[in-house]
Amino acid sequence: MDSSSLAHIADDAWHVGDVRLASRFILGTARYPSPRVLADAITASGTQLVTVGLKRQLAAAGDNGFLDIIRSAMQAQGARLLPNTAGCRTAREAIELAHMARELYGTPWLKLEVVGDEYTLQPDPIELVEAARQLARDGFVVFPYCTDDLVTCKRLLDAGCAALMPWGAPIGSGQGLINPFALRLLRERLHDAILVVDAGIGAPSDAARALEMGYDAVLLNSAVSQSPDPVRMAGAFRRAIEAGRDAYRAGIMARQDFAVATTPVTGDPLLLGDARC
C-alpha cells in the first residue's frame, strides 16, 4: 500500500486485539492463474490480511515457492497471514488442523471454518461454536466463518471469538448480499463486535454496500481470482471498499417513501448570481 493511500485512511484503522489494520480488504489466495498473479493482486488490493488454507497446502505436496512469493508481496505492505480450516466437517478436525496451522505459519490468528452442508457449504453452528470455544481457550485469535443468524453469532462471541465473519451468500456464488436485512440487524445488535462480510461477494459494489452498512471489513477470493484480470479487479475492490467506508463515515441520507423536491417551489427561492439581473 503506497504512502498516500495509508495517509488517507490512517485515521480510520480497525483493531483486532493490539494489532492495528489500515486496510479493510481481506483477500483469499485460492484458484489464481499463478503465484505471480496472486502476488500482484495482493499488492494491488492493499490488503494487510491474507487467508491461506492449510488443507490445500498439504494436498499440494510442495508449494513451488507459493508461500515465499506471497510473503514477499505481503511484507511490502505489512500484511499478515490468516490460516483457515477450510474443508473441515467437525469441531475435532478443525481444532487439530488449527494447531497444525499455528505450528506451520507461526501465528495464533485463525479463520475457523466447519462446514455442515456439502451443497451450500453452510457452516455447522453446533460444531462451529464448540470448536471456537476450545480454540479460544487454547490461545487462538478466532475469526469464525458463520451465517447471519443472530443467536449463533452471539454464542460465538460468548465463546471468545475476536471477530465474526457472516456470509453474504454461499461461498463462491458471487450472489452478493442476499439478506441485507439480517446483515443490518447483526450490525445494529452487535454494535461493539468486529464484523466482516465473508463469502458470496461478486462485484466491487457488493463490497461497498457492506462497508456502507458499517461492517468493519470484507473477505473475498473468487471475485478476484476468477476475474479475467485479477490484478485490475483487486484494485477495483480496494477502491470500492474505501469508498463504502468513506460513505458510512460521512453519513448516508435516509430513504423516503415519497419524493422530496431538491428545488424549493414555495417560500424564498435560492437566487443564483446577482439578484438585480
Side-chain angles (χ1 to χ4, degrees), residues 14-21 23 25-30 35 38-39 42 47-116 121 123-146 152-153 155-166 171 193-196 198-199 216-217 219-221:
W14 56 297
H15 297 79
V16 179
D18 59 355
V19 176
R20 183 177 182 276
L21 297 167
S23 173
F25 187 176
I26 306 173
L27 186 64
T29 57
L38 169 57
I42 289 172
T47 183
Q48 292 181 297
L49 202 52
V50 176
T51 67
V52 60
L54 179 56
K55 273 199 169 187
R56 186 175 74 247
Q57 288 301 105
L58 293 175
D63 61 24
N64 297 318
F66 170 82
L67 283 177
D68 289 340
I69 290 173
I70 66 170
R71 275 179 167 149
S72 177
M74 290 166 56
Q75 185 175 12
Q77 55 208 45
R80 61 191 299 149
L81 282 175
L82 180 65
N84 72 50
T85 61
C88 291
R89 298 295 184 268
T90 66
R92 180 177 179 179
E93 183 183 13
I95 292 167
E96 291 176 352
L97 191 64
H99 281 272
M100 291 177 62
R102 183 161 63 180
E103 290 292 323
L104 180 62
Y105 299 120
T107 176
W109 284 34
L110 181 79
K111 178 186 173 184
L112 176 62
E113 295 186 35
V114 186
V115 170
L121 299 181
D124 182 321
I126 297 173
E127 295 291 311
L128 186 66
V129 171
E130 180 181 342
R133 183 176 293 111
Q134 183 59 54
L135 289 169
R137 290 173 181 163
D138 292 343
F140 285 86
V141 180
V142 183
F143 294 69
Y145 164 60
C146 55
T152 300
C153 286
R155 292 187 183 278
L156 287 167
L157 290 175
D158 290 342
C161 292
L164 300 178
M165 306 180 83
I171 292 174
I194 296 172
L195 299 181
V196 179
D198 175 16
D216 296 283
L219 190 160
L220 59 97
N221 185 140

For [X] versus [Y], what's the shortest heavy-atom pair and its separation?
X    : Y    : result
G28  : T51  : CA-OG1, 3.1 Å
L112 : L135 : CD1-CD1, 3.8 Å
L156 : C146 : CD1-CB, 3.8 Å
A136 : A159 : CB-O, 3.4 Å
L82  : K111 : CD1-N, 3.7 Å
G139 : P108 : O-CB, 3.7 Å

> For I194 and F143, what are the C-alpha separation, side-chain angles and deciding distance, and is it a side-chain contact (heavy atoms from CB on, under 4.5 Å)?
Replying inline: CA-CA 10 Å; I194 296 172; F143 294 69; 5.7 Å; no
Using modelled atom types and a 3.5 Å cut-off, is there a donor and acceptor pairing between side-chain atoms of [X] and backbone atoms of [Y]?
X    : Y    : value
E127 : C88  : no
W109 : R102 : no
E113 : T85  : no
D216 : V196 : no
T47  : F25  : yes

>> Could you go through L219 and Y145, starting from their C-alpha distance and side-chain angles, then the distance that decides it, and tell me whether this counts as side-chain contact (heavy atoms from CB on, under 4.5 Å)?
In response: CA-CA 10 Å; L219 190 160; Y145 164 60; over 6 Å; no
Could you tabulate the donor-acceptor pairs under 3.5 Å formed by side-chain atoms of residues 93-100, not counting sequence neighbours?
{"residue": "E93", "atom": "OE1", "partner": "R89", "partner atom": "N", "Å": "2.9"}
{"residue": "E93", "atom": "OE2", "partner": "K55", "partner atom": "NZ", "Å": "2.5"}
{"residue": "E96", "atom": "OE2", "partner": "R92", "partner atom": "NE", "Å": "3.4"}
{"residue": "H99", "atom": "NE2", "partner": "D138", "partner atom": "OD2", "Å": "3.0"}

>> Other residues, nucleotides and ligands only: do more than 12 of their heavy atoms fall within 6.0 Å of CZ on R80?
In response: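 Yes, enclosed.
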> Measuring from I26:CD1 to N221:CG, what's the distance to the nearest 0.5 Å?
Replying inline: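 Going from CD1 on I26 over to CG on N221, the span is 12.5 Å.
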> Between R71 and L81, is a side-chain contact (heavy atoms from CB on, under 4.5 Å) present by the stated rule, with each step listed?
Replying inline: CA-CA 8 Å; R71 275 179 167 149; L81 282 175; 3.6 Å; yes
